[in-house]
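Data block below; observations after.
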Amino acid sequence: MTRTAPPAVNEPTDGAAALLRAAREVTLAQARTLARHGRHAEAEDLLRALDPDAVTLDLLARIRAQQGDLDEADRCWAEAERLAPGTAEFAAARARIAAIRAGGARGPVAAGTPARRVGVPLVALVMLALLIDIRFGGGAPEPAAPATAPVTVPASPSPSPTADAAATLDGLDLQVPGVRVRRSPGEISVAFRRGLFRRDAVLSADGRAVLAALGARLRPAAGRLEVTVIGHTDASPLRAGGEYAGNMELGLARAAVAREVLREASGVPTARISVASLGGALPPYRGAGADAAARNRTVTLRISATGGG
């Protein structure tokens, strides 16, 4: 009797692969936003949590170039070129670095090298050329996600919000007990001081209350807001045979549950509230104890505004 070999247990299903791609896109978008605003160390931390590929190496190279470390930038682009041969952007970036060196610098240009060694106008022009594409993502093209992917991945917020959008965000009072708010140009990030879920995707009474209170603060600007809800879990693997295949799926379920509470309380249209999951990757709170695990049974929010009303 012929037996059919079971599928490899380590091979992700189509759904799990889509979730992983979505989480990666969220992380890349966050890293690009941080890099645009000069927060290089935080951007690098996010990028190093990803498997190195041509896209992450390209962004790392641009960050290194902005810091003046052309040796490391060139090394990153060389590796990106090896992984994605024939990509014109990588070859052009390396050619610009070679032009800097040929233009007067003796030997490698290390981080912190005085600009006078390579010529200030040339450095300024080349750095502008190397960095301008950070905003748009540059580098090797990404494979398209399947049409059936269950996650909507938000675009990275604009670094130069319109006056109307900025005024909308500035007018939001999100000082709700249990909520941590961080404002940056074009975006508000929200985290919660305590975990929102008592188990799986079941909200605690306090978690539901704080989401509803926050949603009420969004209601005055509901027609002008876009919200991304990102689900999180602790890093512990789920038990086999449970309701969720893994932490990515559980994080997505939590994001969907939180979205419904926010939608009802805020009046923000469902089409403007997207969901994503990071599972146990990049948890809001670090630590291995029970307290950290409980706090990471949560979601985080990214809130941006459109220019019109």
Side-chain angles (χ1 to χ4, degrees), residues 21-39 42-43 46 59 132-138 142 144-145 147 149-176 179-192 196 210-232 251-252 254-278 284 298-309:
R21 281 193 297 270
R24 179 179 175 280
E25 287 298 330
V26 171
T27 303
L28 281 170
Q30 291 172 329
R32 287 190 187 107
T33 301
L34 291 168
R36 285 199 302 269
H37 298 300
R39 294 163 63 179
E42 294 169 81
L46 290 179
L59 185 49
I132 194 167
D133 285 339
I134 283 183
R135 173 174 176 180
F136 303 104
E142 288 284 332
V151 178
T152 301
V153 180
S156 187
S158 167
S160 302
T162 66
D164 286 348
T168 296
L169 294 180
D170 289 345
L172 291 175
D173 176 10
L174 303 182
Q175 296 306 311
V176 173
V179 170
R180 294 171 51 215
V181 175
R182 186 181 68 192
R183 295 176 182 265
S184 57
E187 181 182 82
I188 299 174
S189 299
V190 176
F192 300 90
L196 302 179
V210 73
L211 282 170
L214 182 66
R217 298 296 181 98
L218 300 178
R219 183 169 282 278
R224 303 187 299 277
L225 297 178
E226 293 183 351
V227 182
T228 302
V229 186
I230 303 170
H232 300 275
L252 186 64
R254 286 175 176 170
V257 169
R259 174 177 64 180
E260 289 310 300
V261 177
L262 283 172
R263 181 194 58 77
E264 185 175 347
S266 69
V268 176
T270 302
R272 289 196 175 189
I273 308 179
S274 56
V275 295
S277 173
L278 286 174
T298 191
V299 300
T300 53
L301 310 180
R302 292 165 56 192
I303 302 169
S304 58
T306 58

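The shortest non-hydrogen separation linking S304 to G186 is CB-O, 3.5 Å. Here the closest heavy-atom approach between residue S274 and residue T228 is recorded as OG-OG1, 3.2 Å. A pairwise comparison of heavy atoms in A213 and V176 identifies CB-CG1, 3.8 Å as the closest pair. Of all non-hydrogen atoms in A212 and A265, the two that sit nearest each other are O-CB, 3.5 Å. In this structure, G267 and R219 approach most closely via the heavy-atom pair N-NH2, 3.6 Å. Of all heavy-atom pairs between R272 and T306, the closest is NH1-OG1, 3.8 Å.
Residues forming a side chain to side chain donor-acceptor pair (under 3.5 Å) with D173 (at least two apart in sequence, or on another chain): R217. Residues that satisfy the side chain to side chain donor-acceptor pair (under 3.5 Å) test with R263, not counting sequence neighbours, are E260. With sequence neighbours excluded, no residue forms a side chain to side chain donor-acceptor pair (under 3.5 Å) with E264. Under the side chain to side chain contact (heavy atoms under 4.5 Å, CB included) criterion, R180 pairs with A191, R193, Y285, sequence neighbours left out. With sequence neighbours excluded, the residues that form a side chain to side chain contact (heavy atoms under 4.5 Å, CB included) with A221 are T168, L172, R224, L225. Taking the side chain to side chain contact (heavy atoms under 4.5 Å, CB included) definition, one finds that S266 meets it with L218, V268, sequence neighbours left out.
In this structure, CG on L211 lies 8.0 Å from OG1 on T298, to the nearest 0.5 angstrom. Note: L278 CG to I230 CD1 = 5.5 Å, rounded to the nearest 0.5 Å. Rounding to the nearest 0.5 Å places CD of E226 at 11.0 Å from CZ of R302.
Put simply, the residue from V229, L214, T300 that forms a side chain to side chain contact (heavy atoms under 4.5 Å, CB included) with V190 is L214.
Using a 4.5 Å cut-off on side-chain heavy atoms (C-beta onward), L301 and L262 make contact.
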From CA spacing to verdict: side-chain contact (heavy atoms from CB on, under 4.5 Å), L174, I303: CA-CA 11 Å; L174 303 182; I303 302 169; 4.2 Å; yes

